[in-house]
Novice: 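One structure, as structure tokens, below. Some questions next.
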Amino acid sequence: MRKPLIAGNWKMHKTINEAVELVSALKRELFDFNQADIVVCPPFTALDNVHEIIMDTNIKLGAQNLFYQKQGAFTGEVSPAMIKDCGCEYAIIGHSERRKYFGETDTMVNKRIQVALEEGFTPIFCVGETLEERENNKTIEVIDIQLKGGLENMKEEDILKIVIAYEPVWAIGTGKTATPRQAEEVHMFIRKWIEEHYSSSCASMLRILYGGSVKAENIKDLMKQENIDGALVGGASLNADAFVSIVKNSSN
Ligand code: PEP
């Protein structure tokens, strides 16, 4: 039985004060909730302050990215040690906005996952197709390429520490959610892919999250699908009531 995981990606939202206000509201409602694993991923600037508030709760901290070098002349980047210092246990890697706006390739994603694992983080590895790719029936091909590239040279013991998030790009921030059936088709493909490249026990333990306009109203139907184990939530994670409802609705 895979425990649901709900992660909130706050993207480039929330100053430190705003982040503290949001996470304090989440803490009031979710501090002892244990039917799902809960992760919040604030911007780098608020990590430390958010961590102070959640450290005595079940809510875990994640970063929205990390760089694959440990230190050096890489202006503007943030190292694994830096986010670990702030209390992060998770890191989102390969988000479609990183791929689209910052030119992150499958090779870079692979290096980031490798470093994240070496440093003891749980990577939340994102894959997903664009609308054009879906309309041209390329969804499975695209996911296959992203899995091959992102997971190159990974061993079974690495896969056991990774969470995969399927996020169709056309559903992110658009209000258009993939239907539970559309999402399940790709989740099933990902689980089979892991089974073929690793083992069935590894595949059965892997948590695969869905991301793309998840709300309190659609999480239940998504979670009814056999291969959907939780959600990576963008917009709705910026509102305490909405995120709390998503977490609570994910497990009943
Ligand atoms: C995301 O950013 O990962 C995401 C899924 O965003 P939204 O929920 O706003 O579509």
Side-chain angles (χ1 to χ4, degrees), residues 4-14 18-19 22-23 26 36-44 46-47 50 60-66 88 90-102 104 109 112-113 116 121-131 133-134 139 142-143 146-147 150 162-180 182-184 186-187 190 207-223 225 227-250:
L5 168 61
I6 304 293
N9 173 14
W10 297 4
K11 309 195 188 193
M12 199 174 73
H13 294 285
K14 307 290 178 191
E18 289 165 350
L22 172 56
V23 81
L26 298 181
D37 288 336
I38 307 163
V39 181
V40 291
C41 305
F44 292 123
L47 286 173
V50 167
K60 305 288 184 199
L61 192 65
Q64 294 175 21
N65 203 358
L66 50 68
C88 287
Y90 289 77
I92 299 173
I93 298 180
H95 191 280
S96 63
E97 287 152 16
R98 298 298 315 171
R99 295 176 189 259
K100 181 175 170 190
Y101 301 120
F102 304 97
E104 289 190 16
V109 168
R112 288 175 202 265
I113 297 175
F121 295 100
T122 300
I124 302 178
F125 165 39
C126 304
V127 296
E129 82 287 0
T130 62
L131 185 58
E133 289 161 345
R134 174 161 283 265
T139 300
V142 168
I143 304 298
Q146 291 174 342
L147 290 173
I162 293 176
V163 171
I164 296 183
Y166 166 57
E167 298 207 302
V169 179
W170 49 272
I172 297 181
T174 59
K176 281 189 211 156
T177 323
T179 62
Q182 282 173 321
E184 172 64 11
V186 180
H187 282 234
I190 294 172
R207 287 194 286 189
I208 308 174
L209 313 183
Y210 168 77
S213 300
V214 171
K215 307 177 201 71
E217 297 76 36
N218 57 26
I219 185 71
K220 278 191 181 177
D221 284 341
L222 288 161
M223 292 301 293
Q225 306 302 308
N227 290 291
I228 299 184
D229 307 311
L232 180 53
V233 186
S237 71
L238 298 173
N239 176 288
D241 291 343
F243 191 69
V244 167
S245 301
I246 291 170
V247 170
K248 293 190 172 166
N249 287 350
S250 71

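Just the heavy atoms: all of them, side chains too, but no hydrogens, waters or symmetry mates, feed the values below. Both ligands and their constituent atoms are indexed starting at 1 by order of listing.
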Novice: What atoms in ligand 1 come closer than 4.0 Å to a heavy atom of G235?
Specialist: 7 (P), 8 (O), 9 (O)
Novice: Quick one: look at A171 and ligand 1, take heavy-atom pairs under 4.0 Å, and tell me if it's side chain, backbone, both or neither.
Specialist: backbone
Novice: Do you know the tightest heavy-atom contact between P42 and G62?
Specialist: CD-O, 3.6 Å
Novice: Determine, considering heavy atoms only, which of A236, S237, G234 sits nearest to atom 7 (P) of ligand 1.
Specialist: G234
Novice: Considering the heavy atoms of S213, write down every atom of ligand 1 situated less than 4.0 Å from one of them.
Specialist: 7 (P), 8 (O), 10 (O)
Novice: For ligand 1, note which part of N9 has a heavy atom under 4.0 Å away: side chain, backbone, both or neither.
Specialist: side chain
Novice: Is the backbone of L66 close enough, under 3.5 Å, to the side chain of R112 for a donor and an acceptor to pair up by distance?
Specialist: yes
Novice: For G173 and ligand 1, does the shortest N/O to N/O distance drop below 3.5 Å?
Specialist: yes
Novice: Tell me: protein heavy atom nearest atom 1 (C) of ligand 1, and distance?
Specialist: H95 NE2, 3.3 Å
Novice: What I'd like to find out is whether the side chain of K100 reaches to under 4.5 Å of the side chain of V169, using heavy atoms alone.
Specialist: no
Novice: Mind checking whether Y166 and H187 have parallel, tilted or perpendicular rings, split at 30° and 60°?
Specialist: perpendicular
Novice: Is E167 in polar range of ligand 1, meaning some N or O pair under 3.5 Å apart?
Specialist: yes
Novice: Starting at CG of L131, measure out to NZ of K176 and round the result to the nearest 0.5 Å.
Specialist: 5.5 Å
Novice: Using 0.5 Å steps for rounding, measure from the CD1 atom of I6 to the CD1 atom of I219.
Specialist: 4.5 Å
Novice: Counting distance only, does the side-chain N/O of Q64 pair as donor-acceptor with the main-chain N or O of I92 below 3.5 Å?
Specialist: no
Novice: Quick one: which ligand 1 atoms are inside 4.0 Å of a heavy atom on G212?
Specialist: 5 (C), 10 (O)
